[in-house]
There are 2 protein chains.
Amino acid sequence: MEEAVTILQHPSVKEALNALRKALSSRRVILLVGSCRVDYRGRAESKLELGDRVVLIKEDGSILVHRPYGYEPVNWQPPGCMFQAGLREDCLQIRAVRRAPRESVSITFNRVYLLAVLRLVDAGAFALHATEEDMQRAVLLEPSLIEEGLRAITYEKRVEPGFIDVYAVDSQGRLVVVEIKRGTAGREAALQLHRYVQHVRATANQEVRGILAAPRLAKGVQRLLTNLNLEFKRLDPKKCAEVLKRAASRRLTEFVDGG
Amino acid sequence: MEEAVTILQHPSVKEALNALRKALSSRRVILLVGSCRVDYRGRAESKLELGDRVVLIKEDGSILVHRPYGYEPVNWQPPGCMFQAGLREDCLQIRAVRRAPRESVSITFNRVYLLAVLRLVDAGAFALHATEEDMQRAVLLEPSLIEEGLRAITYEKRVEPGFIDVYAVDSQGRLVVVEIKRGTAGREAALQLHRYVQHVRATANQEVRGILAAPRLAKGVQRLLTNLNLEFKRLDPKKCAEVLKRAASRRLTEFVDGG
DNA sequence: TGCTAAATCTCGAAC
DNA sequence: GTTCGAGGTTTAGCA
């Protein structure tokens, strides 16, 4: 069985090329550190002059070029690339090509400091909580998070301008459109809600309330809401997550008790 | 002078911790490969179970956790983090904390396959062409890209709904609002243009044309434009980039000839 | 610092 | 294959 980690330190260009070709054909994760130039052609075009970078090639054919700073890669290619590796004027050149859209990144190393070929096994589950979807599910489960007496009718209702997060009826029988934002709700969110409410009003021909539910509003948005005859309701993502967790454990209890 | 690349292969947790602490305090770029769990708390919450990952820590205090597949990091922290490294039940634990917003990522390695500490020098210039801003500048330089006889008045004009990309007058003296998109223009772009045009009409009290300029339209958007009494003009990002390049070399020629 | 709009956005789902 | 909306979006540009 092959080693999980194979490392070449300061390899010659030829040594690096040999190891790289083998690693690419066996679909390994590859780490390359060295001095390189990068050119991109496709949806846009870019040129990056000589400097030290970290290049990460993954099993699914994605590639990232990282500078020593910044969250985002300076150049990249999404999963599904074809790779070519070769020599070019004493340099190691790697080309990552994809079609649809047709684009390519080519990286030219004049020096390689480190080449690591990795056999990684990762089947770990990933779970993200307190997303906007979680908040929506929480409101459907407990509409009182928005206001007492509210009853949910549908969610993700398709209307012309987009999707209504939660569509409900209040204690007095009026239609309510609820737009949920996980972060600070800005002007765009208010306008989005406005479009939905306008559409429902035109269709339903009765009184329709619009409620923007978010942890907080951006400056000036309260005034915009007032002008548009819409309402704001503070809604905490964490509290929504707790509602979901409670509901899940309740379901579990009922399941155990009932079974 | 210290080595540009320092490597520990399959270090013990204690060895890794020592090297990591030193690397963090000297603000090096750090590559860590190993088996780990990851927890995130902040704007949302996430949990990633055990698996092999590549962790990249940068000079500016950003950190990325990459699985063996996918363009995006599964967990991360933007530049400006504080790092803590320690032992936790025979595991190497790294915590990256930032405030505003308050959030943290903690990574717990039960095994480290590779630790590389890198001294990278990257001063290479990066240039990106054919962005939406390039297209806007090209249209300002040559309004005939949109239509003959068009004259630009202002750009990035502030109006209530946002910023008008290019504000112009056509050959017959009518006001023209131009909205530019670099990619496929969808429904949202048409509605955005509509809002701008409505606003200008209300303000200027005269005939106002709205032109959506983009390489192509999403399906159904042409019909929407027609309903809203707006126009579409095909505009190629690459052609815009060429216009700019031509203009730049012309300026250079004039400069050389004149000087 | 807060807010707005763009991105080689990416990613996923729905049509 | 497109299109559309969300993202722990990030990033750049301004008020």
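Letters A, B, ... are given to chains in the order of the sequence lines, protein chains preceding strands, and every chain is numbered from 1.
- Residues B/Ile94 and B/Val105 have side chains not in contact (no heavy-atom distance under 4.5 Å, counting atoms from C-beta outward).
- In this structure a side-chain-to-backbone donor-acceptor pair under 3.5 Å is missing from B/Lys181 to B/Glu132.
- When atom types are taken as modelled, the side chain of B/Asp122 and the backbone of B/Gly124 share a donor-acceptor pair closer than 3.5 angstrom.
- Comparing A/Glu45 and A/Gly220 by the nucleotide of DNA chain C that holds the closest heavy atom to each, the one mapping nearer the 5' end is A/Gly220.
- Residues B/His66 and B/Val55 form no side-chain contact, since every pair of their non-hydrogen atoms from C-beta on lies 4.5 Å or further apart.
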Check nucleotides 1-4 of chain D against the protein and report each pair of N or O atoms closer than 3.5 Å, with its distance, or say if there are none.
{"residue": "D/dT3", "atom": "OP1", "partner": "B/Lys219", "partner atom": "N", "Å": "2.9"}

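- In this model, the phosphate group of D/dT9 is not approached by any side-chain N or O of B/Trp76 to a distance below 4.0 Å at OP1 or OP2.
- Atom CZ of B/Phe126 and atom C1' of C/dA7 are 12 Å apart (whole Å).
- To the nearest 0.5 Å, atoms CG (B/Leu193) and CD (B/Gln198) are separated by 10.0 Å.
- For the pair A/Asp165 CG and D/dA6 P, the computed distance is 7 Å after rounding to whole Å.
- For the pair A/Arg98 CZ and C/dT10 P, the interatomic distance rounds to 6 Å; values are reported in whole Å.
- For D/dG8 and D/dC4, the P atoms lie 22 Å apart once the distance is rounded to whole Å.
- Comparing C/dA6, D/dG8, C/dT8 against the side chain of A/Leu128 picks out D/dG8 as the nearest.
- Following rounding to the nearest Å, A/Gln192 (CD) and C/dT4 (C1') show an atom-to-atom distance of 15 Å.
- Around CZ of A/Arg216, the count of heavy atoms belonging to other residues, nucleotides or ligands within 6.0 Å exceeds 12.
- Distance from the side chain of B/Tyr71 is smallest to C/dT10 among C/dT10, D/dG8, D/dG7.
- Using a 4.0 Å cut-off, some side-chain N or O of B/Lys181 falls inside it from OP1 or OP2 of C/dA6.
- The nearest whole Å value for the distance from the CD atom in A/Gln222 to the C1' atom in C/dC3 is 17 Å.
- Looking at heavy-atom distances under 4.0 Å, B/Gln77 makes contact with a base.
- If you check every strand for non-hydrogen atoms under 4.0 Å, A/Glu103 touches a base.
- Put simply, CD1 on B/Ile180 is 11 Å from P on C/dA7, counting in whole angstrom units.
- Distances shown here put every side-chain N or O of B/Arg43 at or beyond 4.0 Å from the OP1 or OP2 atom of D/dG7.
- At a threshold of 4.5 Å between non-hydrogen side-chain atoms, the residues A/Thr154 and A/Val166 do not count as touching.
- Where A/Tyr196 and A/Glu72 each meet DNA chain D at their nearest nucleotide, the meeting point lying more 5' is that of A/Tyr196.
- At a threshold of 4.0 angstrom between heavy atoms, the contacts of B/Ser46 with the nucleic acid are absent.
- Remark: P of C/dT1 and CZ of B/Arg99 are 12 Å apart, rounded to the nearest angstrom.
- Nucleic acid contact for A/Tyr40: base, since at least one base atom lies under 4.0 Å from a heavy atom of the residue.
- Rounded to whole Å, atom C1' of C/dA13 lies 11 Å from atom CD of A/Glu133.
- In this structure, B/Ser62 and B/Cys81 have side chains that are not in contact, with every pair of non-hydrogen atoms separated by 4.5 Å or more.
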